[in-house]
Amino acid sequence: AGSCTFSHDENLRGTAEATTCCGGRRNRVRNDFRAGSFRNWLSQMFGLDLLKSGVVMDVAGGKGALSWELCNLMSLRSVV
C-alpha cells in the first residue's frame, strides 16, 4: 500500500514515528547543471547581441558558476 519500497508497521501510519522511520529526509533535488541551464535560457530569451552589448550582473552569484560560464563559454562580460 503506497509508493514506499520499505515495509512499515501499519500501526504507525500517520504518526510522527512513521515519518522519521526511514531517516525523515526528502529526496534531494540535484542542481548539477543549474548554471548551464540558466546560461542557455538567458541566451535564448535575450539573444547574444543584447547580452554582448553590456555586462551581465550575476546578483547572488554564490560560487560564480554562472559568471564563469558566461565569460569562458560565451565570451560575455559578467560580474558577480
Side-chain angles (χ1 to χ4, degrees):
S3 62
C4 185
T5 58
F6 300 100
S7 61
H8 298 282
D9 184 356
E10 290 295 319
N11 296 327
L12 295 178
R13 182 173 290 224
T15 66
E17 292 174 12
T19 59
T20 59
C21 70
C22 296
R25 296 182 60 167
R26 292 178 149 190
N27 291 335
R28 184 174 168 183
V29 175
R30 301 280 182 207
N31 290 318
D32 296 336
F33 304 106
R34 178 178 44 198
S37 297
F38 190 61
R39 175 178 52 86
N40 289 331
W41 179 82
L42 281 174
S43 65
Q44 290 174 359
M45 189 70 173
F46 298 104
L48 287 176
D49 291 335
L50 179 64
L51 292 174
K52 286 185 178 188
S53 68
V55 176
V56 178
M57 184 173 286
D58 187 1
V59 178
K63 295 179 182 178
L66 175 62
S67 188
W68 186 91
E69 288 194 13
L70 291 172
C71 289
N72 294 299
L73 300 178
M74 298 181 73
S75 300
L76 298 174
R77 295 185 313 160
S78 179
V79 175
V80 178

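Atom set for the values below is all heavy atoms of this structure, side chains included, hydrogens, waters and symmetry mates excluded.
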Roughly how far, to the nearest 0.5 Å, is the OG atom of S37 from the CG atom of L42? 11.0 Å
For D49, I'd like to know if atom CG has over 12 heavy atoms of other residues, nucleotides or ligands within 6.0 Å. no
Is M74 linked to L50 within one hydrophobic cluster, defined over Ile, Leu, Val, Met, Phe, Trp and Tyr using a side-chain heavy-atom separation of less than 4.5 Å? yes
What heavy-atom pair brings V80 and S67 nearest, and what distance separates the two atoms? CG2-CB, 3.4 Å
Exam field: side chain S78 to backbone V56, donor-acceptor pair closer than 3.5 Å: yes
Here the gap from R39 atom CZ to R34 atom CZ, rounded to the nearest 0.5 Å, amounts to 14.5 Å
Honestly curious: do F38 and L51 fall in one hydrophobic cluster under the side-chain, below-4.5 Å linking rule? yes
Test item: F46 and W41 side chains (from C-beta on) under 4.5 Å apart, heavy atoms: yes
With hydrophobic residues grouped by side-chain heavy-atom distances under 4.5 Å, do L66 and L48 end up in a single group? yes
